[in-house]
Amino acid sequence: MDNELWFYEPEDRDGYLSNFASYPLYIDGSKWQTSEHYYQAQKFTDPQVISLIQQAPTPDEAFRLSRQYQEQMRPDWDSIKRQTMSTVVSEKFRQHPHLAHKLIATGSCTIKEHSHQDAYWGDGGDGTGENNLGKILMEVRSSLKKQLPYKLLHYVETAKLPTPWGTFAMHGFVEPESGKEHLALSYGQWRKDEPVLMRIHSECLTGDALFSMRCDCGFQLQKALQNIVKNGSGVLLYLRQEGRGIGLLNKIRAYHLQDQGADTVEANERLGFAADLRKYHFCESMLSFLGINEVKLMTNNPRKVKALKKIGINIVERVKLQEGHNRHNHFYLSTKADKLGHMFEVPQNTPMSVEAITKDSG
Ligand SMILES: Nc1nc2c(ncn2[C@@H]2O[C@H](COP(=O)(O)OP(=O)(O)OP(=O)(O)O)[C@@H](O)[C@H]2O)c(=O)[nH]1
Ligand SMILES: [Zn+2]
């Protein structure tokens with residue numbers, strides 16, 4: 001059946017689902033190298049056997065040891081084993097958010113441990129087994145989908161994105177409610193305790209893709225990607241919030257009003273919108289997928305700084321991103337400085353020198 005996902009060996013494409021996959025767990029104050037180590041140790045009450053299994057160099061050795069001491073197994077094991085497995089599998093995905101996102105990305109397909117040796121935890125190899133481990137994984141998947149931050153955005157898939165500056169990993173996400181799609185572009189590696197260079201960029205079709213000089217978005221997008229590659233690592237969250245959240249066609253209506261003299265805030269308001277409708281709370285889901293807690297944020301926008309702090313992201317530094325100032329966006333940028341509090345190094349209402357403007361006029 002095409003909507004089945006079979007797994008078995010930890011090295012397989014979906015091997016992360018196996019209890020033998022090496023994802024350490026911390027339970028009741030002690031470390032377990034894999035969920036298999038923890039599960040096998042729970043069969044015993046003798047602290048020496050438990051410690052032997054906990055110290056086993058591999059999950060296979062932990063499994064072998066539990067067979068070697070099986071006559072000492074606790075008498076009620078059969079009645080508690082399924083709950084024990086459910087507890088350790090839930091803990092594994094709770095402690096490894098990246099894996100939780102991947103499990104959710106399996107959608108609603110049937111997950112099966114394709115094991116010829118095991119007809120209780122696995123499918124018995126011929127599909128007649130009980131597949132209890134597969135069932136527990138599907139139960140954990142349903143519960144995770146309802147929990148923060150996973151319920152905000154579901155991770156879908158990753159692909160390569162080669163750019164003139166470097167090749168990024170492009171991660172796709174979807175808002176389960178609205179079906180809206182967002183992207184995270186990641187480059188290089190970073191340590192868990194290291195603040196990550198990051199840009200939160202709101203979609204601007206005109207600026208990002210049509211070379212518009214009416215705003216600074218396209219210039220900022222390019223500079224942010226270049227900065228990340230130069231830095232050796234970093235992330236750009238590309239949020240589908242066209243027009244500061246009012247959408248492309250309303251942005252064109254707003255531009256039409258600006259062509260008649262309104263500023264970017266007045267135009268939104270005349271159309272019945274607030275100056276800025278964007279929300280950022282769902283970034284928490286993308287950052288949990290990427291394992292990011294601390295950032296150096298490339299922005300001039302104080303609202304983005306505030307919004308990220310509100311979802312618990314530690315901004316250790318704000319990195320200015322002042323690009324593409326030209327005569328076509330001078331008034332727009334000055335308005336952002338004056339009315340939306342944007343932090344520009346040189347106040348945007350400083351008249352640009354003639355040569356600077358003509359140089360930019362293109
Ligand atoms: N409604 C409206 N949206 C605009 C206008 N000009 C640009 N935008 C949108 O404003 C958003 C710009 O977002 P960002 O590039 O993330 O920048 P920012 O929020 O201005 O702040 P920075 O992070 O400092 O760049 C995009 O969604 C653009 O489509 C405009 O005149 N009216
Ligand atoms: Zn723009």
Side-chain angles (χ1 to χ4, degrees), residues 180-185 197-228 234-283 286 295-310 313 315 317-348 360:
K180 209 159 195 196
E181 301 152 335
H182 303 278
L183 284 183
L185 304 184
L197 182 62
M198 181 166 88
R199 164 80 178 149
I200 291 193
H201 191 88
S202 304
E203 176 186 25
C204 174
L205 182 86
T206 47
D208 300 341
L210 303 178
F211 314 105
S212 168
M213 294 175 78
R214 286 192 79 132
C215 62
D216 53 350
C217 308
F219 304 100
Q220 288 179 309
L221 180 60
Q222 182 167 331
K223 185 70 179 160
L225 295 175
Q226 290 168 338
N227 288 350
I228 289 169
V235 163
L236 183 134
L237 304 188
Y238 193 85
L239 308 184
R240 312 303 295 279
Q241 304 172 314
E242 175 62 73
R244 292 201 301 269
I246 67 172
L248 179 61
L249 298 182
N250 283 322
K251 183 172 86 171
I252 297 173
R253 291 188 179 99
Y255 276 165
H256 177 74
L257 293 173
Q258 292 173 55
D259 290 346
Q260 292 163 353
D263 69 29
T264 183
V265 170
E266 288 159 350
N268 264 36
E269 287 163 350
R270 276 203 215 142
L271 293 171
F273 298 111
D276 193 336
L277 288 182
R278 290 173 288 182
K279 304 259 181 295
Y280 301 94
H281 61 294
F282 55 83
C283 293
M286 298 165 116
V295 299
K296 292 186 280 190
L297 188 66
M298 289 185 272
T299 185
N300 312 313
N301 184 345
R303 291 180 188 205
K304 285 185 186 172
V305 176
K306 222 166 104 216
L308 276 190
K309 283 188 176 160
K310 214 165 134 204
I313 299 296
I315 301 178
E317 188 189 337
R318 180 194 69 94
V319 179
K320 75 178 173 70
L321 193 66
Q322 224 169 291
E323 297 301 321
H325 187 168
N326 68 74
R327 64 192 173 83
H328 300 289
N329 64 18
H330 179 73
F331 180 50
Y332 163 69
L333 294 176
S334 315
T335 308
K336 286 212 291 187
D338 299 345
K339 291 192 173 179
L340 298 176
H342 281 232
M343 304 168 275
F344 292 114
E345 213 94 291
V346 175
Q348 292 307 312
D360 278 322

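Atoms within a ligand are numbered from 1 in the order they appear, just like the ligands themselves. Below, all heavy atoms of this structure are taken into account, side chains as well, without hydrogens, waters or symmetry copies. Numbers here simply count residues along the sequence, with the first being 1.
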**Item:** Positive for side-chain contact (heavy atoms from CB on, under 4.5 Å) with Met198, one of Val295, Leu236, Ile315, Ile228
**Value:** Val295
Contacting atoms of ligand 1, where contact means under 4.0 angstrom from a heavy atom of [X]:
X: Gln241; answer: 27 (O)
X: Gln258; answer: 30 (C), 31 (O), 32 (N)
X: Thr299; answer: 22 (P), 23 (O), 24 (O)
X: Ile246; answer: 1 (N)
X: Thr264; answer: 5 (C), 30 (C), 31 (O), 32 (N)
X: Asn300; answer: 22 (P), 24 (O)
X: Gln220; answer: 15 (O), 22 (P), 24 (O), 25 (O)
X: Lys336; answer: 18 (P), 20 (O)

**Request:** Would you confirm whether Lys180, through its side chain, and Arg240, through its main-chain N or O, come within 3.5 Å as a donor-acceptor pair?
**Result:** yes
**Prompt:** Is there a nitrogen or oxygen of Asp216 sitting under 3.5 Å from a nitrogen or oxygen of ligand 1?
**Reply:** no
Determine whether [X] and [Y] make a side-chain contact, defined as any pair of heavy atoms from C-beta on separated by less than 4.5 Å.
X: Cys204; Y: Leu221; answer: no
X: Glu242; Y: Leu205; answer: yes
X: Leu237; Y: Tyr280; answer: no
X: Lys320; Y: Arg318; answer: yes

Which atom names give the shortest non-hydrogen contact between [X] and [Y], and what distance separates them?
X: Gln241; Y: Ser202; result: OE1-OG, 2.9 Å
X: Phe331; Y: Ala262; result: CE2-O, 4.0 Å
X: Asn329; Y: Arg214; result: CB-O, 3.3 Å
X: Val319; Y: Lys296; result: CG2-CB, 4.1 Å

For [atom], grab the closest protein heavy atom and report residue, atom and distance to one decimal in Å.
atom: atom 4 (C) of ligand 1; answer: Arg244 NH1, 3.6 Å
atom: atom 28 (C) of ligand 1; answer: Cys204 CB, 3.6 Å
atom: atom 15 (O) of ligand 1; answer: Arg199 NH2, 3.2 Å
atom: atom 8 (N) of ligand 1; answer: Tyr332 OH, 3.9 Å
atom: atom 12 (C) of ligand 1; answer: Cys217 SG, 3.7 Å
atom: atom 16 (O) of ligand 1; answer: Lys304 NZ, 2.4 Å

**Asked** Are Asn268 and ligand 1 in contact, using a heavy-atom cut-off of under 4.0 Å?
**Response** yes
**Asked** What do you reckon, does Arg278 put a non-hydrogen atom under 4.0 Å from ligand 1?
**Response** yes
Please work out whether any backbone atom (N, CA, C, O) or any side-chain heavy atom from C-beta onward of [X] is under 4.0 Å from ligand 1, and answer side chain, backbone, both or neither.
X: Asp276; result: neither
X: Phe273; result: neither
X: Glu203; result: backbone

**Asked** What's the verdict on side-chain contact (heavy atoms from CB on, under 4.5 Å) for Ile200 and Leu297, showing C-alpha distance, side-chain angles and the deciding distance?
**Response** CA-CA 8 Å; Ile200 291 193; Leu297 188 66; 4.2 Å; yes
**Request:** Could you please compute the angle at the Zn ion (ligand 2) from SG of Cys204 to SG of Cys217, rounded to 10°?
**Result:** 120°
**Verdict with supporting geometry, His342 and Leu333, side-chain contact (heavy atoms from CB on, under 4.5 Å)** = CA-CA 8 Å; His342 281 232; Leu333 294 176; over 6 Å; no
**Asked** When you look at NZ of Lys339, are more than 12 heavy atoms from neighbouring residues, nucleotides or ligands closer to it than 6.0 Å?
**Response** yes
